Amino acid sequence: MSLDTTLSGLLDVAKPETDDLRLWSVTTIIGALDKAALLYWAAEQTASAACDIAGSLAMRVEEEGREAVVKWLRDARFRRPKDKRSAAELGTDVHAALEHLALTGEFPVVDDEVRPFVEQFDKWAQRWQPEYDAAEVTVYSPTYGYSGTCDGFFRLGGERLIFDYKSSAKSLDSQGKRTGPYPEVALQLAAYRYAEMAATWRPRRYEQFRRRYYLLGEAERAAAVPVPEVDGGVVVHITPEHCDVYPVRCDKEIHTTFLYVLEAARWQFETSKQVIGEPLQLPEA
């Protein structure tokens, strides 16, 4: 597999075709895991919103009603700040800029919010000189029913590696230490590494009930190629002030663990909806 600038990007569609195999996205599957850090972050967003309106909170409760204000505070984590991107939007734009850099070798045109991330990665790349084999590779596992888009494959010191970018707007945590990646990235990389096939076309995906699916038709199956073999995996963690690359264990054992997570997601998304029947009724006399 080699770099291809013509297939960049995913095609979002409204619904599957009749013969499409529908595959859960890897990130949707991993999203079924409990994430204590996200719970803390959501609580922090609510607390921050409450502090922002502390002076008018009592008046808002009186005018809008307690239920409306509680809902407004509860949904603080979903509101995008007016002066900057959401965390998801920032991650998407940073990924796109890094993909452009990998595909063209040229520094992308970006705004002041994204530029520090690209500059930090570029500094790292200038020192380490990664040799890219492929970028933004969508992989499929019809056997296990999942799919996803890997950030790419490169070589460091001759070692073949699958990698994933992780960006964080914060360079330091609450204790003043450098922020780093979460361990779930190992599940993600193992899922990509041991998928059976990779796309040579523009991949299709769609969303339903806030879950993401990739679609795979017969013609696409015929055009697929094997996922490149690798010696291991790394995560490239980037903030506005540093770029660090960490080795990630993503072997067969971790892939087996991912398959257990997949079954937990199946329980949450499907099976749990079917295990409770109708209330028992006594027969009429």
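Computed from a predicted structure; not experimentally measured. The residues of the chain are indexed from 1 along the displayed sequence. Hydrogens, waters and symmetry mates play no part in the numbers below; they use all other heavy atoms, side chains included.
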request  = Could you give me the CA-CA distance, side-chain angles and deciding distance for Tyr192 and Ile162, then say whether side chain to side chain contact (heavy atoms under 4.5 Å, CB included) is met?
outcome  = CA-CA 8 Å; Tyr192 298 152; Ile162 184 172; 3.7 Å; yes
query = Does any non-hydrogen side-chain atom of Asp93 lie less than 4.5 Å from one of Leu90?
reply = no
request  = Mind checking the CG-OG spacing from Leu73 to Ser48? Nearest 0.5 Å is all I need.
outcome  = 10.5 Å
message = Can you give me the closest heavy-atom contact between Gly232 and Cys250, atom names plus distance?
response = C-SG, 4.1 Å
message = I'd like to know if Asp12 pairs up with Arg204 as an ion pair, taking the criterion as any Lys NZ or Arg NE/NH1/NH2 lying under 4.0 Å from an Asp or Glu carboxylate oxygen.
response = no
key: Euclidean distance, Leu262 CG relative to Thr256 OG1, rounded to 0.5 Å   = 12.0 Å
request  = Using atom types as modelled and distance alone, determine if a side-chain donor or acceptor of Glu196 lies under 3.5 Å from a backbone N or O of Thr143.
outcome  = yes
ask   = Quick one: does Asp151's side chain have a donor or acceptor within less than 3.5 Å of a partner on Tyr165's backbone?
value = yes
request  = Would you check, one step at a time, whether the test ring-ring contact (aromatic ring centres under 6.0 Å, His included) holds for Tyr146 with Phe258?
outcome  = CA-CA 11 Å; Tyr146 72 82; Phe258 168 77; 4.9 Å; yes
inquiry  = Side chains of Phe153 and Val137, heavy atoms from C-beta outward: is any pair under 4.5 Å?
reply    = yes
message = Checking Ser25 against Thr27: is there a side-chain donor and acceptor pair closer than 3.5 Å?
response = yes
inquiry  = So Tyr246 and Val235, do their side chains get closer than 4.5 Å, heavy atoms only?
reply    = yes
query = Between Leu21 and Tyr194, is there a shared hydrophobic cluster once you connect ILVMFWY residues whose side-chain heavy atoms come closer than 4.5 Å?
reply = no
key: Nearest heavy-atom neighbours spanning Tyr140 and Ala195   = O-CB, 3.4 Å
query = Under the side chain to side chain contact (heavy atoms under 4.5 Å, CB included) criterion, do Arg22 and Gln208 qualify, and how do the steps go?
reply = CA-CA 11 Å; Arg22 193 177 73 163; Gln208 186 179 43; 3.0 Å; yes
note = Rounded to the nearest 0.5 Å, the CD atom of Gln188 sits from the CD1 atom of Ile29 at a distance of 11.0 Å
query = Between Thr92 and His95, do the side chains contain an N or O donor and an N or O acceptor separated by less than 3.5 Å?
reply = no
inquiry  = Tell me whether the rings of Trp124 and Phe121 are parallel (<30°), tilted (30 to 60°) or perpendicular (>60°).
reply    = tilted
query = Do the side chain of Ser167 and the main chain of Ile238 share a donor and acceptor less than 3.5 angstrom apart?
reply = no
Side chain to side chain, Asp251 and His255, heavy atoms closer than 4.5 Å = no
task = Enumerate the residue pairs fulfilling side-chain hydrogen bond (donor to acceptor under 3.5 Å, both in side chains) with a member in residues 264-283, sequence neighbours excluded, ordered by first and then second residue.
result = Glu263-Arg266
inquiry  = Main chain of Glu113, side chain of Asp111: is a donor-acceptor contact present, judged purely on distance under 3.5 Å?
reply    = yes
request  = Taking the side chain as every heavy atom from C-beta outward, state whether Cys243 and Glu119 have any pair of such atoms under 4.5 Å apart.
outcome  = no
ask   = Between Ile53 and Val70, is there a shared hydrophobic cluster once you connect ILVMFWY residues whose side-chain heavy atoms come closer than 4.5 Å?
value = no
message = If I take atom CZ from residue Arg60 and atom CD from residue Glu63, how far apart are they, to the nearest 0.5 angstrom?
response = 9.0 Å
request  = Ignoring hydrogens and angles, tell me if any N or O in the side chain of Thr179 forms a donor-acceptor pair with the backbone of Lys170 under 3.5 Å.
outcome  = yes
ask   = For Thr46 and Asp75, what are the C-alpha separation, side-chain angles and deciding distance, and is it a side chain to side chain contact (heavy atoms under 4.5 Å, CB included)?
value = CA-CA 8 Å; Thr46 297; Asp75 295 341; over 6 Å; no
inquiry  = Tell me the closest heavy-atom pair linking Ser171 and Pro240, and the distance in Å.
reply    = OG-CD, 3.7 Å
message = What I'd like to find out is whether the side chain of His242 reaches to under 4.5 Å of the side chain of His237, using heavy atoms alone.
response = yes
request  = Take the angle between the ring planes of Phe154 and Phe163 and call it parallel below 30°, perpendicular above 60°, tilted in between.
outcome  = parallel
query = Closest approach of Ile254 and Ala186, non-hydrogen atoms and distance?
reply = CG2-O, 3.6 Å
query = At their closest point, which heavy atom of Ala169 faces which heavy atom of Phe117, and how far apart are they?
reply = CA-CZ, 4.1 Å
request  = Taking the side chain as every heavy atom from C-beta outward, state whether Val139 and Met197 have any pair of such atoms under 4.5 Å apart.
outcome  = no
query = At what distance, to the nearest 0.5 angstrom, does CD of Glu64 lie from CE of Met59?
reply = 8.5 Å
ask   = So, Asp133 and Arg155, do they make that salt bridge, N to O below 4.0 Å?
value = yes
key: In one Ile/Leu/Val/Met/Phe/Trp/Tyr side-chain cluster, 4.5 Å: Val245, Leu98   = yes
key: side chain to side chain contact (heavy atoms under 4.5 Å, CB included) evaluation trace for Thr18 with Asp20   = CA-CA 6 Å; Thr18 304; Asp20 278 339; over 6 Å; no
ask   = Which pair of heavy atoms, one from Pro108 and one from Ala97, lies closest together, and at what distance?
value = CG-O, 3.6 Å
remark   = Interatomic distance, CD@Glu131 vs CG@Leu156, rounded to 0.5 Å, equals 8.5 Å
query = Among Leu189, Val248, Val234, which residue meets the side-chain contact (heavy atoms from CB on, under 4.5 Å) test with Asp164?
reply = Leu189
key: Heavy-atom side-chain proximity of Arg193 to Val227 below 4.5 angstrom   = no
Show me the donor-acceptor pairs within less than 3.5 Å that the side chains of residues 209-218 make with the rest of the protein, sequence neighbours left out.
unit_1: Arg212; atom_1: NE; unit_2: Glu207; atom_2: OE2; d: 3.4
unit_1: Arg212; atom_1: NH2; unit_2: Glu207; atom_2: OE2; d: 2.9
unit_1: Tyr214; atom_1: OH; unit_2: Thr149; atom_2: OG1; d: 3.0

request  = Verify, without hydrogens or angle tests, whether Asp112 (side chain) and Arg115 (backbone) share a donor-acceptor contact under 3.5 angstrom.
outcome  = no
